[in-house]
Amino acid sequence: MARVTPLSSVRNIGIIAHIDAGKTTTTERILFYSGRVHRIGEVDEGSATMDWMVQEQERGITITSAATSIQWRDHRIDIIDTPGHVDFTMEVERSLRVLDGAVVIFCAKGGVEPQSETVWRQADRYKVPRIAYINKLDAVGANFGDAVESIRKKLQAKPIPVQAPVGAEGGFSGVIDLIDQVMLTFEGDHGVDVETRPIPDELAGAAAEGRERLIEAVAEEDEVLLAAYLEGRPISTDEIRAAIRRITLAVRAVPVFCGSSLRNKGVQPLIDGIVEYLPSPGDLPPVVGVHPKTGESISREASDSEPFCALVFKIATDPYVGKLCYLRVYAGHIEAGKAAYNPRAGKRERLGRLVRMHANRREDIEELNTGDVVAAVGLRELTTGDTLCAENAPIVLEAMQFPEPVIAVAIEPDTKADEEKLTLSLHKLAEEDPTFRYHTDHETGQQIIAGMGELHLEVIVDRLIREFDVRARVGRPQVSYRETISRPARGEGRFVRQSGGKGQYGHVILEIRPRAELIGNGFESKIRAGAIPTEFIPDVESGVHEAMASGASGFPVIGVDVRVIDGSFHEVDSSPVAFRIAGSMAFRNAMEKAGPIRLEPLVSVDVVVPEEYLGEVLADVSQRGGDIDDVAQQAGARIITATVPLARMFGYATDLRSLTQGRGTHTMQFARYSPLPPGGHAEAAGKTL
């Protein structure tokens, strides 16, 4: 079957920005003006098409990325609206991995905000061409020039305004197209009618200067336009647009548009900009992967005639159809009902039902072509990051890298019935969300869930309650403490039982000493002259290890060497059980004399913060009992390396965001155990989310 839309007319784009910059509001207008929907949904009213989850509607934020598709000027634009909250940055990450271009939205009042920096760095990592849209020009304090300058300074990018606003704040009335030198106003219901007018005389001079600056900025990055500029000949609008497209695709500059999506001004020219300046799948370099068996590098051109290959970038659970696997097709063509190969699992997957998504609604399609962003129903074996390909031309595409969870809490089911459903529900949620993890702590017996922040885990628990009908209480996990000893000691254990017939007899004397490092334990036998028969020594060791598991006060023992030096046995009554119990008794007896010490886990923490927040963050780390190991400088930020008690790090992700206005990030990993200071550390009690 011939494809409906030529590859050159396909655009796969993401809408990315800081929280509350207007991503979903802008997407709603795009859907409306393209005829995809016939009523504009509003975020504040909880009626936005793309924010379909109950949790999104209640909070007025985007939590999960939602896909849709529109037609505009004979082009098909596949759009993914992404979250802005830092807890859900993984949704942005996996969207950018498979998209060809992005629209980055900035607030005209705030300019580049903290999460703007994060999503910009993510787009840089994947070399995603992008255009910028300065939104909310009707807001009090809006300043187009300042917002553009913040892109230049904070993101170290090259913004090139292709539009200029007419008026500001309450007086914002339209935009000037600097390339065509016309004024655009947005009339009729919801700004549907775009009126082209001459530029008012009082703005004509500034508009002409803006066009000249635009040409100069583009010529600095494009040799073709530079040659025409140096020749001094008139430059046509087509030449300017072609040059802007070239430098945008090369990620050397960012065209800047402006408007107010909420007031229905400026969105249609933005959609034109998506078509004109962002790439089609065929504009990008071939996708590169490796052969699953040989590791040989393989590339695939963006063409329907190439062998089929696609990347699974998202898994979702649909209450009506079950598991949905979102796919980005990089090359080739396949029809519904045919099978594709999963190299990771070494299995074929039948693509029984294919759908094009519109938020949470589905439209059945009969085939997949190069450049499609669609979903497949019922593929049970697939996980996020898997490749689907032709079995006779296997390839494994580079999988996505996801950040490790930064906050963990304990979760306990309210009833026995909830306990049975909890594990299954957590498995489904973890399958959807690679940054959500769960496990059972075998030392504390708690079920631990971990995620990217408190809001992330709050939404997880809310979904457990609403979608999976699981009731649970949530609190902080217990810290896994350890014990050791401060001095050598000797202990004796004698187990004697006599009950009429054959009795039990075991007698062990041992010494314990602290190790130089708090790592592991040692055991050896120095028994001479057969005080304890050799066959009972392993039983003594088993008894010692049993006692080590709970120490003097209930915590596992580390950093201790044990030496069995003497004992006695009975020809008839001695048994493996008796010597195991005697060994355990001897170790406990020695521990009481050896000055037991409780140990706490320390974590190594790397904190990346802008220079202006360095003092506050250092002070906070010190208040948590942390030792500052190093403060380094890198790309305008400071990297603090510190060693901090784990018990003082619960909730740190949220506290760090408060200290740094959301601009600080951190990672941590276990470092070592250290003696717990007198008084220990206060730990928060459990709470119900």
Side-chain angles (χ1 to χ4, degrees), residues 8 11 73 75 100-104 106 111-112 120 123-124 127-134 143-166 174-184 196-259 266 268-280 282-285:
S8 60
R11 301 288 184 271
R73 286 173 40 186
H75 286 67
D100 301 331
V103 176
V104 190
F106 300 91
V112 175
W120 194 271
D124 279 342
K127 296 182 174 58
V128 177
R130 67 213 81 153
I131 60 178
Y133 176 62
I134 309 296
N143 189 305
F144 178 73
D146 287 351
V148 172
E149 191 59 26
S150 71
I151 296 174
R152 190 186 320 278
K153 289 183 176 179
K154 291 186 178 181
L155 303 179
Q156 299 179 345
K158 184 166 186 174
I160 299 179
V162 296
Q163 293 178 339
V166 178
V175 301
I176 292 175
D177 185 323
L178 295 177
I179 299 175
D180 288 328
Q181 288 290 285
V182 294
M183 177 176 168
L184 304 177
T196 301
R197 302 178 179 177
I199 298 173
D201 293 341
E202 64 272 18
L203 300 176
E209 291 176 7
R211 187 179 196 271
E212 188 65 22
R213 286 195 300 271
L214 182 156
I215 293 173
E216 290 176 359
V218 175
E220 288 176 1
E221 300 294 337
D222 185 78
E223 293 182 359
V224 177
L225 196 72
L226 177 61
Y229 181 72
L230 293 177
E231 290 173 6
R233 64 175 175 82
I235 300 174
S236 69
T237 58
D238 288 344
E239 288 179 295
I240 296 173
R241 288 195 170 91
I244 293 174
R245 179 175 177 79
R246 286 192 294 269
I247 63 176
T248 302
L249 298 190
V251 199
R252 293 202 297 268
V254 183
V256 181
F257 295 77
C258 61
Q268 296 97 318
L270 175 65
I271 311 175
D272 290 335
I274 292 171
V275 168
E276 290 168 350
Y277 302 129
L278 291 181
S280 74
D283 291 320
L284 299 175

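Computed over heavy atoms, backbone and side chain alike; hydrogens, waters and symmetry mates excluded. Along the sequence shown, residues are numbered consecutively beginning with 1.
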Is there a side chain to side chain contact (heavy atoms under 4.5 Å, CB included) between Val256 and Phe106 once you walk through the steps? CA-CA 10 Å; Val256 181; Phe106 300 91; over 6 Å; no
Taking it one step at a time, do Trp120 and Val254 satisfy side chain to side chain contact (heavy atoms under 4.5 Å, CB included)? CA-CA 12 Å; Trp120 194 271; Val254 183; 3.6 Å; yes
Set out, in order, the CA-CA distance, both residues' side-chain angles and the distance that settles side chain to side chain contact (heavy atoms under 4.5 Å, CB included) for Leu270 and Ile131, then state yes or no. CA-CA 9 Å; Leu270 175 65; Ile131 60 178; 3.9 Å; yes
Any chance you could lay out the side chain to side chain contact (heavy atoms under 4.5 Å, CB included) test for Thr196 and Leu184, step after step, and finish with the verdict? CA-CA 5 Å; Thr196 301; Leu184 304 177; 3.7 Å; yes
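Considering every non-hydrogen atom in both Gly273 and Phe257, the closest pair reads CA-CZ, 3.6 Å. Summarising the geometry of Val148 relative to Pro159, their closest heavy-atom pair is O-CG, 3.6 Å, with the distance given to 0.1 Å. Taking both residues in full, the closest heavy atoms of Lys158 and Ala217 are given as NZ-O, 3.2 Å, listed atom of the first, atom of the second, then distance. Closest heavy-atom contact between Ser150 and Gly111: OG-CA, 3.6 Å. Here the closest heavy-atom approach between residue Ile176 and residue Ala207 is recorded as CG2-CB, 4.1 Å. Across all non-hydrogen atoms, the minimal contact from Pro279 to Asp100 is CG-O, 3.2 Å.
To the nearest 0.5 Å, atom CD1 of residue Ile240 and atom CD1 of residue Ile244 are 7.0 Å apart. In this structure, NE2 in His75 is found 6.5 Å from OG in Ser8, a value given to the nearest 0.5 Å. Interatomic distance, OH of Tyr133 versus CD of Gln163, reported as 8.5 Å (0.5 Å rounding). Here Ile151 contributes atom CD1 and Gln156 contributes atom CD; the two are 13.5 Å apart, rounded to the nearest 0.5 Å. Taking OG1 from Thr248 and CD1 from Ile160, the interatomic distance works out to 7.0 Å, rounded to the nearest 0.5 Å. The line from CD1 of Ile247 to OH of Tyr277 is 10.0 Å long, rounded to the nearest 0.5 Å.
In terms of modelled atom types and a separation under 3.5 Å, the side chain of Glu239 and the main chain of Leu225 share no donor-acceptor contact. With hydrogens and angles ignored, the 3.5 Å screen pairs no side-chain donor or acceptor of Thr237 with any backbone N or O of Asp180. At distances below 3.5 Å, not a single donor-acceptor pair connects side-chain atoms of Arg197 with backbone N or O atoms of Met183. Put simply, the side chain of Gln181 gets close to the backbone of Leu178: a donor and an acceptor are under 3.5 Å apart. Looking only at distances, no side-chain donor or acceptor of Arg130 sits under 3.5 Å from a matching main-chain atom of Gly101.
For the side chain to side chain contact (heavy atoms under 4.5 Å, CB included) test with Tyr229, the passing option among Asp222, Val224, Ile235, Val218 is Ile235; the others fail.
Every pair tested for side chain to side chain donor-acceptor pair (under 3.5 Å) that includes a residue from residues 199-211 fails, sequence neighbours excluded, so the list is empty.
Residues meeting the salt bridge (Lys or Arg N to Asp or Glu O under 4.0 Å) test with Arg73, sequence neighbours left out: Asp272, Glu276. When the side-chain hydrogen bond (donor to acceptor under 3.5 Å, both in side chains) test is applied to Ser280, the partners found at least two apart in sequence or on another chain are Asp283.
Taking 4.0 Å as the cut-off between side-chain N and carboxylate O, Glu216 and Arg213 do not count as a salt-bridged pair.
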